[in-house]
Amino acid sequence: MHHHILSKAYFRRSQGVIPGGVNSPVRACKSVGCDPVFIDRALGPYIFDVDGNSYVDYVCSWGPMILGHAHSEVSAAVAEALEGGTSFGAPTWREVALAEKIVNLVPSIEQVRLVSSGTEATMSAIRLARGYTGRKKILKFDGCYHGHADSFLVKAGSGVATLGIPGSPGVPEDIVANTLAVPYNDLEAVRQVFEREGADIAAVILEPVAANMGVVPPGEGFLQGLRQLTSDNGALLIFDEVITGFRLALGGAQEYFGITPDLTCLGKIIGGGLPVGAYGGRRDIMEHIAPVGPVYQAGTLSGNPLATAAGLATLEALDRPGIYEALEQRAQVLVAGLNDIASRYGIRCIIQRMGSMFTCFFGLDNPVKDFKGASSADTDAYGRYFRAMLDEGIYIAPSQFEAAFVSLAHTWDVIDETLAAAESAFKTLAG
Ligand code: KE4
């Protein structure tokens, strides 16, 4: 049994000076009924908290650490860049090299702009879509998260397309009045919206595989249908691949499914754990971005030498034979093992997996296809699962509505270690 004496002391201190004691809400572990553990360091598949407890990590910093923590090539690249200084606010060779790597690996990207977070990437992509088309409305999907820019913070709708209702205080109605939200995987709802107001829609934005309501794959024909509807109506199709980019395949979900979006948003993995986001796509669209075009977007640390060094080393390490086959096999065996354990202990859960990311939805017997389905999961049961796994030394997402990530550092012995721990955790859950 772990003790968390120093984590609790740090949490008390941090709550005195940081709202909720955390710099991002989900880290506070409020939805899983416990205090957060404070992490001191990490290596490979493991994280170590300030009380010296070790955990097999399936959060992986919410996706970036696909190579595992403190990967030697990434650390060496950052150390080398560090010797030359940290930021110049002027063009550097590493951001050119990273941009070229992204253009070469992501099928639809002809030009790309680097920023410092996924939020900046999606916020900028929406502004670009509005500037390029001259239209104001955007269409998103309930349960998809695109960062915390005002336009995206709309309340999940009632199923029929609802004009945006602010999903957070501080978001003015007139900002979200141009944001339409419909259920994920509901192509008919999208068709109806385009029939009603297609001439005003600048873009449709989605996670091509949803991961922010838990992992929810696109249904048969959904992505193809969106591609057709946006093309037919002069709207842009934007893939938010902040999670799926370089996760599902080297070319992301667009390569995996063979769909070409007009713009793609990236983040997480392309920074290798340092702050990098990006948006890119068709050259004729991207050339509307300042300074070559009139749509403004800027950033002090965009293309930062340390961050681009980490991102470059990460993409170079992923651009090798067998990487995605290894990730697929490890995740497939892990999920099969978890399903076997859950059924042996009579725990009702549905595990949904795409490549090396998956979610255990508790209290459900049928697949989750949208936010309404995800919302019917038993979040209390998920909280018990989180706490039981933490006690067994397995660190999973502190929220039912997130994904678990397998990294290349999760070797077969680590998968076995995880399944042994899960056996104990599920036994505890079964009481
Ligand atoms: P950031 O601004 O957090 O770098 O990226 C925003 C974002 C955009 N698009 C997608 C599909 C995302 O998943 C995210 C951020 N993901 C969340 C959780 N899945 C990050 C964790 C957090 O908010 O602390």
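Atoms considered below: every heavy atom in the structure, side chains included; atoms not considered: hydrogens, waters and symmetry mates. Order of listing sets the numbers, starting from 1, for every ligand and every atom in it. Every value quoted in this text rests on a predicted model; they were computed, and no experiment measured them.
For ligand 1, the polar-atom distance check finds an N/O of Gly118 within less than 3.5 Å of one of the ligand's N/O atoms. Of the N or O atoms in Trp62, none lie within a sub-3.5 Å distance of an N or O in ligand 1. Taking any N or O of Arg27, backbone or side chain, none lies under 3.5 Å from an N or O belonging to ligand 1. Residue Glu402 has at least one nitrogen or oxygen atom sitting less than 3.5 Å from a nitrogen or oxygen atom of ligand 1, judged on distance alone.
Here the rule is side-chain contact (heavy atoms from CB on, under 4.5 Å) with Tyr132, and of Ile285, Leu263, Ile289, Asp262 only Ile285 fits it.
Salt-bridge annotation for Arg135 and Asp200: absent, with no side-chain N of the basic residue lying under 4.0 Å from a carboxylate O of the acidic one. Ion pairing between a basic and an acidic side chain is recognised when a charged N comes within 4.0 Å of a carboxylate O; Arg353 and Glu328 show such pairing. Remark: Lys372 does not engage Asp370 in a salt bridge, criterion side-chain N to carboxylate O under 4.0 Å.
Of all atoms in ligand 1, numbered sequentially from 1 with element shown, those under 4.0 Å from a heavy atom of Ser24 are 22 (C), 23 (O), 24 (O). Less than 4.0 angstrom separates some heavy atom of Ser117 from each of these atoms of ligand 1: 2 (O), 4 (O). Each of the atoms 9 (N), 10 (C), 11 (C), 12 (C), 14 (C), 15 (C) of ligand 1 lies under 4.0 Å from some heavy atom of Tyr145. Every atom of ligand 1 is numbered from 1 in the order shown, and the set under 4.0 Å from a heavy atom of Val26 is 24 (O). Close approach of ligand 1 to Gly147 is summarised as follows: ligand atoms under 4.0 Å from at least one heavy atom of the residue are 6 (C), 7 (C), 8 (C). Each of the atoms 13 (O) of ligand 1 lies under 4.0 Å from some heavy atom of Ile243. Within the listing of ligand 1, atoms 10 (C), 11 (C), 12 (C), 13 (O), 16 (N), 18 (C), 19 (N) sit less than 4.0 angstrom from a heavy atom of Asn212.
The shortest side-chain heavy-atom distance between Phe401 and Thr379 falls under the 4.5 Å cut-off.
Only the side chain of Glu207 comes within contact range of ligand 1, with a heavy atom under 4.0 Å; no backbone atom does. Residue Thr119 touches ligand 1 through backbone and side chain together, judged by heavy-atom distances below 4.0 Å.
Asp57 and Tyr46 are not linked by any side-chain donor-acceptor pair at a separation below 3.5 angstrom, with hydrogens and angles left out of the test. No hydrogens or angles considered: a donor-acceptor pair under 3.5 Å links the side chains of Thr92 and Glu95. With 3.5 Å as the limit, one finds no donor-acceptor pair spanning the side chains of Glu287 and Gln111.
Taking the six-membered ring where the residue is Trp, the centroids of Phe222 and Phe141 are separated by under 6.0 Å.
The protein non-hydrogen atom at the shortest distance from atom 9 (N) of ligand 1 is Asp240 OD2, 2.7 Å.
Proximity of Lys268 to ligand 1 is established by a heavy-atom distance of less than 4.0 Å.
The ring pair (Phe, Tyr, Trp, His ring centres under 6.0 Å) search around Tyr10 returns Phe38, not counting sequence neighbours.
At least one protein heavy atom sits closer than 4.0 Å to atom 4 (O) of ligand 1.
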